[in-house]
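Here the structure is a predicted model, which is why all the values come from computation and not from measurement.
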Amino acid sequence: AAGRLEAGDLAARARTRDHREDELGALVHTFNSMAARLERYNRDLEGAVQEATDRVRSAEAAAMTQRRLAATGELAAGIAHELNNPLGGLANAVEALKRDDLPEDRRREYLQLVSGGLQRMGETVGRLLRLSPREATLEELRVDRPLGDALGLIRHRAERLQVALELSVESQGRTERLDPFQPNAMERVAALPALRGASNELGQAFLNLLVNSLDSIQAGRESGRIPASRGRIALELRVTRDESIELVFEDDGPGVTPEVLERAADPFFTTKEQGKGTGLGLAMVHNVVAAHDGRVMVSSVDGAGFRVAIELPVQRGGGAVR
């Protein structure tokens with residue numbers, strides 16, 4: 001019985017014979033009482049651990065949802081700029097259209113301006129709606145849609161910070177270097193094999209990585225860790241030998257130390273000032289990619305940038321995402 005107890009069998013009990021009340025009987029009784037107490041304490045401890053684990057998971061899920069909402073909220077200034085620019089032109093055009101003496105050719109020009117402005121505003125709102133947190137819908141998708149939406153939402157901030165965005169797409173052994181904001185760029189991305197997953201979830205993950213790179217570059221400039229003239233985010237897409245799509249997000253910001261890199265994906269870990277980061281951005285990326293049966297590889301050199309590579313499996317025979 002003592003051997004079984006030592007091996008972890010807390011239900012082990014020593015057998016008593018003929019209700020012996022000598023020293024051996026007392027020893028057996030004491031042993032069994034001790035084993036019963038150990039089993040009870042272990043059961044209570046398991047219950048307490050499970051309860052604490054459930055509380056942590058619940059808090060982490062709530063915080064993850066908050067981070068997803070915050071990721072879009074951080075771009076409010078850029079979105080306001082995207083909407084305010086056409087609004088100003090629309091207001092001027094409408095005032096001009098009220099004039100009875102407006103020449104017909106000018107009227108057509110102003111109507112075209114109104115139409116273009118409304119279309120641009122609709123595109124911005126559409127990106128927000130597609131990336132907003134909601135119930136994930138699994139579908140066949142091309143990576144150009146979530147990537148294009150994420151890029152569209154950080155474009156203004158990148159231009160304001162004078163951070164260059166570069167895109168390269170490798171297909172059939174040939175690499176094309178493209179301007180990510182030109183229409184033909186996303187057409188090249190759309191030519192890559194299809195995935196099965198949730199477009200809004202992947203879009204949020206891509207958006208987090210792009211925002212993290214912009215944050216890092218801006219903070220590096222302000223702290224003097226990198227020159228004010230430095231700022232580049234490179235995106236690379238390719239199909240791997242094991243039929244996965246690899247997306248690489250790489251910036252030339254200040255990077256992180258090996259100690260920070262080791263904890264970079266830990267929930268709630270952040271190097272940002274209090275109130276400027278939740279520490280859930282990269283953790284959320286890991287969760288989203290894992291749900292798509294993919295993997296995330298992170299690397300960095302202190303003072304020389306940060307790199308995140310995501311591999312997502314190509315859809316095979318309509319297989320579902322976990």
Any Lys/Arg nitrogen of D144 or R142 sitting under 4.0 Å from an Asp/Glu carboxylate oxygen of the other? no
Regarding R106 and E109, does a basic nitrogen lie under 4.0 Å from an acidic carboxylate oxygen? yes
Backbone N or O of N212 within a donor-acceptor pair of the S216 side chain at under 3.5 Å? no
Would R238 and E236 pass as an ion pair if we require N to O under 4.0 Å? yes
If you take all heavy atoms of L151 and F181, which pair is closest and at what distance? O-CE2, 3.5 Å
Compare every heavy atom of L90 with every heavy atom of V114, then report the nearest pair and how far apart it is. CA-CD2, 3.2 Å
Salt-bridge test for R232 and E166: reply yes if a basic N is under 4.0 Å from a carboxylate O, no otherwise. yes
Do S299 and R307 meet the criterion of a side-chain donor-acceptor pair at a distance under 3.5 Å? no
I need the minimum non-hydrogen distance between P180 and L165, along with the two atoms involved. CD-O, 3.4 Å
For L111, is there any backbone N or O sitting under 3.5 Å from a side-chain donor or acceptor partner on S115? no
Count the heavy atoms belonging to other residues, nucleotides or ligands that lie under 6.0 Å from CZ of R40, then report whether that count exceeds 12. yes
Determine whether the aromatic ring centres of F249 and F206 lie less than 6.0 Å apart. yes
E140 CD to S199 OG distance, which is reported to the nearest 0.5 Å: 12.5 Å
From I217 CD1 over to Q162 CD, what is the distance, rounded to the nearest 0.5 angstrom? 12.5 Å
Could you please spell out the steps behind the salt bridge (charged side-chain N to carboxylate O under 4.0 Å, His left out) verdict for K98 and E95? CA-CA 5 Å; K98 291 179 181 179; E95 288 299 317; 3.2 Å; yes
When you measure from the side chain of R225 to the backbone N and O of E222, does any donor-acceptor pair fall under 3.5 Å? no
Answer yes or no: is there a donor N or O on one side and an acceptor on the other, between the side chain of H292 and the main chain of A198, under 3.5 Å? yes
Please give me the minimum heavy-atom distance between E246 and A309, naming the atom from each residue. OE2-CB, 4.0 Å
Spell out, as yes or no, whether a donor-acceptor pair under 3.5 Å connects the side chain of N42 to the backbone of L38. no
Regarding D293 and R196, does a basic nitrogen lie under 4.0 Å from an acidic carboxylate oxygen? no
In this structure, CG of L209 is separated from CZ of F306 (nearest 0.5 Å) by 8.5 Å
I310 and L312: side-chain contact (heavy atoms from CB on, under 4.5 Å), yes or no, with the steps? CA-CA 7 Å; I310 295 174; L312 297 167; 3.8 Å; yes
Does R221 reach the main-chain N or O of R230 with its side chain, forming a donor-acceptor pair under 3.5 Å? yes
Going through the checks in order, is the side-chain contact (heavy atoms from CB on, under 4.5 Å) test met by L153 and D149? CA-CA 6 Å; L153 289 173; D149 287 340; 5.6 Å; no
With rounding to the nearest 0.5 angstrom, report the CZ to CD distance, R43 to E39. 5.5 Å
With no hydrogens and no angle check, just 3.5 Å: does a side-chain donor-acceptor pair link Q50 and D54? yes
side-chain contact (heavy atoms from CB on, under 4.5 Å) between H286 and V298, worked out: CA-CA 10 Å; H286 274 270; V298 180; 4.3 Å; yes
Smallest heavy-atom separation, V28 atom then R15 atom, equals CG1-O, 4.1 Å
Between E170 and R174, does at least one N-O distance fall below 4.0 Å, as a salt bridge requires? no
For S213 against I233, the heavy-atom pair lying closest together: CB-CD1, 3.6 Å
Under a 3.5 Å distance rule, please check whether S244 uses its side chain to pair with a backbone N or O of T240 as donor and acceptor. no
Carefully, step by step, assess L235 and V248 under the rule side-chain contact (heavy atoms from CB on, under 4.5 Å). CA-CA 6 Å; L235 309 178; V248 177; over 6 Å; no
Is the closest basic N to carboxylate O distance between E311 and R295 below 4.0 Å? yes
Are more than 12 heavy atoms from other residues, nucleotides or ligands located less than 6.0 Å from atom CG of D101? yes
For R107, does the CZ atom have more than 12 heavy-atom neighbours from other residues, nucleotides or ligands under 6.0 Å away? yes
